[in-house]
Structure formats: structure tokens, C-alpha cells
Protein chains: 2
Amino acid sequence: MSKKQTTIQDIAKKLNITASTVSRAMNDHPKISKKTKALVWNTARELNYQPNTIASNLRKGKGNTVGMIVPRINRHFFSNVITGVESVLNPAGYNLIICQSEENYEKEVENVKTLISNRVSGILISLSIETQNIKHLQKIIKSHIPLVMFDRVNEKLNISQVINDDEAGSYEMAIHLLGQGIKDIMWMGGPRSSSIYRNRYNGYKRALEEHNIFAEEMPCFEGSPTLDSALNYMREFLKSGKCPKAIFCTSDYMAMGTIQALYEKGLNVPNDVAVTGYSNEPFAGLISPKLTTVEQFSEEMGRATARLLLDQLLSESDEPVPRKIIIKPKLIVRETTQKRKKNNKFIKNKQEL
Amino acid sequence: MSKKQTTIQDIAKKLNITASTVSRAMNDHPKISKKTKALVWNTARELNYQPNTIASNLRKGKGNTVGMIVPRINRHFFSNVITGVESVLNPAGYNLIICQSEENYEKEVENVKTLISNRVSGILISLSIETQNIKHLQKIIKSHIPLVMFDRVNEKLNISQVINDDEAGSYEMAIHLLGQGIKDIMWMGGPRSSSIYRNRYNGYKRALEEHNIFAEEMPCFEGSPTLDSALNYMREFLKSGKCPKAIFCTSDYMAMGTIQALYEKGLNVPNDVAVTGYSNEPFAGLISPKLTTVEQFSEEMGRATARLLLDQLLSESDEPVPRKIIIKPKLIVRETTQKRKKNNKFIKNKQEL
DNA sequence: TTCTACAATGCAAACGTTTGCATTTATTTT
DNA sequence: AAAATAAATGCAAACGTTTGCATTGTAGAA
């Protein structure tokens, strides 16, 4: 009934043996007799013993938890990456401490500090939009904690990373639009200070240039990749009276805001304007018209990231070779980029993919 | 350059003082002189010292992490609860270890074991659908680890909990349908072995009974609360040729499946059949017709849960009074339950709520 | 000057494990 | 039966902190 948990000492005392023996018995050490092991295991159960991982880790000088820093956990993309990470890390005996930077640089630095203090065995990070300075990441490396970046990475840092081929995904999307005969494609993206939006812009630009169109001459909005941000901007923009034939949004939420603004102006999607998303949010295939977008295989990205970390955790070498995994995204053509023949109806088939 | 992290011992050695002094200096202990503190802090920075929280926790006999077990992290509802929890726990100095049971009882038991072994200061749990046996929860209590249940709780266990008033939310929804003059309302719900679905069913039943309708006589499906599960069932069901005037789904995903099946049969929503969801997923206001559903205030639930735990962590009493917080959900009437006059158009206004 | 008081620091044990080495006990070999 | 080997267990230190108590140093009071 005491407040304390039972320890191996308690078991030892009860059996008139030492803690060492109990410890070894619990770990199924070959030098301990079957009889003693059985005795130990039984009293362990009896006393409701739970090993103290903390103490064990301290003694062994290594832990079983890895830290993960993401901008926001309640984003479909990130929560899926997390699922992927856990699916690899848990079977390998690791726990995950998840931190949110909330797209805030200071908070990200704070998170790093916490994780180092908690002596996590490794850290997985996707940078906040704000992050430019990477002193905190270098601190991780200096502390000899294996570090893997994913999705939003810093290109100056030569460490393992898993990214989407955003350039390619975006290029394909632009080619798809150009293939529809559309020449003026507005850019509506997240801030290009972040690697992913920069790369998406580059893919878009490359596709246009191959058709002798200059991205710089297209209308362009760069801002927070949210529904409201897009909605507000487009409302203003459309007041000018002119409107491009397609709008390339770098997030499904921006696409939703854009479509809404277009609708308010009485414009039809896709017949008047084609609109694209990016990320394939769960709703993308459920709305009407269904949203053309890019699938990023977020769970697979999580698994790859975790595997890269695991490699480093297992190989005891202090200077692992940085590896870079690039995941190919997949263009998902739905309805918002294809002119309709007959009247568009609500949910025709089973959701694609 | 060595693999080891710097410790207070290193700092002590460098300054020719003891570890005790360094420890106290780092913790800003009043008995340490300003001069020494400054010295310690400087060399700490110099040597890139990061306190070892693990060792500290071991010595102090208490930690700064709390564990959280949820069925799935990549569900909008749960990831929002998590966000709420973190918004309360982080400022209070706690980290969160998140575990997923994946709706699997064995995995949940495993999770509990891990968290106890990691000597978390407290545990927050939402039970898996499968969970009936609660020995593992009793083990937590026996280990004197504060425990708070949320959303999917076990009613036999007299501990703190935060739940939605599912009965009321469901009741309101049913009343709303009945108010449309609809008398036959099919039930399409998750398994009633889980508290939330049981309560939702009870609310539905009560509303019907007030109108002298017996829930038992209504068509009814009980299964996995997913799109596919609903879709498959409804496809079969509709082959019978008859169809109720409304279908009460206990999840937005079930609603999506249901709507799809109805559409395949050429039935119109809401003109032929009204359909409801539950949870207000992000897509609920984005699809067309927009889905009538129930907002659960998941983030608020997370905050409340965390606060309840914090109460227990701070009050040192070993036998805290269990508290129960009930969060009132809110009915959000959109388009799937209101017959249209003119032709339904895509996204009329800014998204509600 | 001696005593008292307080400020600053040191000493050593403790938290619960793990582990190399030493020791005891049992078993086999000669 | 003695010696050599093998098997099982014990001893004690270590992991990096924290903390009650002891010790030292310094300044003010008597």
C-alpha cells in the first residue's frame, strides 16, 4: 500500500538473494538457474513489479525513446507521418515523444532543448516555416544524437533526410494543366523560404518554361497555406475583374478557399477555372467537384524516416554516412482540372486510391 | 569530441568546486553566491551542457512526462484532443509520450506496461473499441499513477474522466430529424460495446420514444465506423428496395459511405433521404451537400483532460476525489438534413463555425 | 579578542538498475 | 579423493543528479 513501486531490491529481499541476481533473472541471463528465474518471475508478478526503465537507461547510458518535432500534430500529413514512424519504431522497442513547434522558431528551439535533456536516442524533425537559423540542429549533432530531417529540411545541413520530390510532383501537375491547353496558370503557394514550397515553385516554373511561358509573368500569391488566407486574397484579386484559366494551389486548403472565392464571383470550377490542390487531404476525394491534387505517401515517408534513424541507432559508428531518400509523389487527377461534359454529379465512384 | 555528454561533474572539475555546488547553481539555489552562479552558468554554456533530466528524475523520484494512449493518432478528433492536452501540459513543464492502441486490446495493455515502466507521472487514456477487461487500468491505479480517462471511458471505474454528452448530442440530432417530419430513422452506428456509441444510441432512442417511435423497430446497422463499412452495408441493404427517410450515422465517415451508396442507387440527399454525421470532421463543411453533424470540441476536451490530470499531479494526496467533466456537444445543421428548395450549389457561404 | 551567526560550499548517500570480477557451490575429470 | 572445471550467485561500483547535514570562511556582536 505504500506509495513506492516495488524494485528488484524488494524481490531480492523476499527471496534472500541479491539484486544482481534478480536483475539477471529478469533479463533472462543464461548464467541464472531455471529455478531461480522461476522464483524471481513469480514473486515479480506477485509484487506487481514493473521494471524502472529510467534507472535502467541511466545505468546503460542509452534510452529507448526518440523525439519527434513536427509543426503541428493535427495536420493530416503529419499525423500520418507519425503513424508511419511508430509502425517502425515501436516494434524496434522505441517510444516516441512528440513535440509541436506550432510553426514557431522559438518553440522549436525549446523542443530541441527538452529532447536533449531527456536524452532521447534520436531526433526526427520537420522544420517550422519560420526556421532559418539552424544552431539548434547543430547542437543536436554536437551532442551526438542521431538526427533525421523529413519533409521540411534544411539543405545546408549534411545529414540524413527524407523528402518528397516536390519539384517533380509540382512539375507533373503543371504539365497536366498545360496539357489541357491552359496557358495562364496562377501560382498560389506557401512561403518559398520553406524548402517544400520553393521546390514546388521550381517544378511549376520548369514546366512553364518548357512551354515558353515565364512563371514570373504569371499572377502569384505567396502566403499562409490555409483556406482563409487563400479565400481573402482571392476575394481581393478577383475584384480586378480578370481571372486566370487555372490556379495552382500548393495546399488542398488553399484550393478550398480559392474555389469558394471563385464561386462567390459566379465562376465555375472546372469549366471556367481549373484549380489544383496538393497533399490529398481526406476530403479531397469527397468534395464536389473532386479535387485534383498530389498524393505524398505520408505514412511511407514516416516509415522511411524511422528506418533511417534506426540505421544510425544500430550502427554504432559515430560518423554515419548521411543518406537521402526521395519519395516520388503521385498526381491524382480528379474533377477540378477537367472540363465537364455532362452535369457534374455527387460522388460517382468509390474514392480513388 | 568524446561521445559522452558533459555533466555537472565536468563543470565542477573545471571550476574546482563540487558537483553539489554546480547542481545548486544550475537550479538557482539561493545559498549559492552570485559569483559562483555566473561562473557555473558560463562554463555550462561553454561546454554545451544539457542537464540530464533522466538522472534528475530518478533522483527526485518523479518525472516530467505523461503518457497518453489513444486508439489512433491520425484521426482528426484525437489529434485535436492531443493538441489541447499539450497546450495545457507543456506550459506546466510536462512532455507527452503518445501511444496508439490501434483499437487493439493487447496493444493497449502493452502500451500501459511501457508507460508504467517509463515511470510517467500520469496517464491519459481513451479506450480501444475492443477493451472490456480493465485489469491493465487497475494496474495503473495500483501503481499510484494518476489516471484520467477521456471520451471512451469505462463506467465501472471510479476515476476522473472527461466525456462528451453523447446522449444529448445524439438526442438533439434525432429531434432535429423528427422536427423535419421524418418518422423512420435508420441507425448506423459504431459498436455499442463502446461507451460513446452506446450513449449516442440511447439519445437517439429517447428522442424517438418521446415521439412514440420504438428504436428497436427501426432498421439498424452496427459496425466499424468507417466509410467502407457503411458503404458495403448500405449497398446490400438498398438491394432490398426499401429505404428509410433518414439515416443517422454516428461518424462523418459512415455518412460519406452511406451517401455514396445512396447516390449509386440514384437517391438524392437530402431530398430523398436525410443523412447525418457525427464529429464534424474538417471535410464536413466542405463537401456538397454539406454534412449536418455534431461538433465535439475536441481541443477543449483535451484541455479539460489535461487540467484534471494536473490537479492530481499537484495535489499530493494519494486518494484524489474523482471528477467528471461533461462537455456539451453542438448540433451543426447543414444541408444533408434539410430539403432543398432551389438547386443546391457548391459552397455558398463561409464555412460555419 | 573571542564568540555568534550566517553565508557559501563540501561530503556522502540515495534513486534503481547493470555489469565486470570475485566468490561460492556443484559437477566432472583424473 | 583431490583437482580442475563449470555453473550460479554475490559484491561493489557506476550512471548523473539531488539533498540533508557537516564544514569552512567571513563578518558583525559582545
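Lettering of chains follows the sequences in order, A, B, ..., and the numbering in each one begins at 1.
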| task | Answer yes if the side chains of B:Thr18 and B:Thr21 hold a donor-acceptor pair under 3.5 Å, and no otherwise. | result | yes
| Any side-chain donor-acceptor pair under 3.5 Å between A:Thr131 and A:Glu108? |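 Checked: A:Thr131/A:Glu108 side chains pair up, N/O donor to acceptor below 3.5 Å.
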Between [atom2] of [N] and [atom1] of [X], the distance in whole Å:
X	N	atom1	atom2	value
A:Ile8	D:dT9	CD1	C1'	14 Å
A:Met26	C:dG16	CE	C1'	13 Å
B:Gln50	D:dT17	CD	P	11 Å
A:Lys62	C:dT19	NZ	C1'	14 Å

| request: For the pair A:Lys107 and A:Glu130, find out whether any cationic side-chain nitrogen is under 4.0 Å from an anionic carboxylate oxygen. | output: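 Salt bridge absent between A:Lys107 and A:Glu130.
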Could you list the donor-acceptor pairs under 3.5 angstrom formed by side chains in residues 23-32 of chain B, with sequence neighbours left out?
from    : atom 1 : to      : atom 2 : distance (Å)
B:Asn27 : ND2    : B:Ser23 : O      : 3.2
B:Asp28 : OD1    : B:Lys37 : NZ     : 2.9
B:His29 : ND1    : B:Lys31 : N      : 3.0

| request: Mark up nucleotides 7-15 of chain C, 5' to 3', with B wherever a protein heavy atom is under 4.0 angstrom from a base atom, S wherever such an atom reaches only the sugar-phosphate, and - elsewhere. | output: -BBBBBBBB
| query | For A:Asn27, which contact category applies under a 4.0 Å heavy-atom criterion: base, sugar-phosphate, or nothing? | reply | sugar-phosphate
| Main-chain N/O of A:Pro146 paired with A:Gln312 side-chain donor or acceptor, under 3.5 Å |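 Answer holds: no.
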| query | Is a side-chain N or O of A:Thr43 found less than 3.5 angstrom from the main chain of A:Glu46, in a donor-acceptor match? | reply |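 Checked: no pair found.
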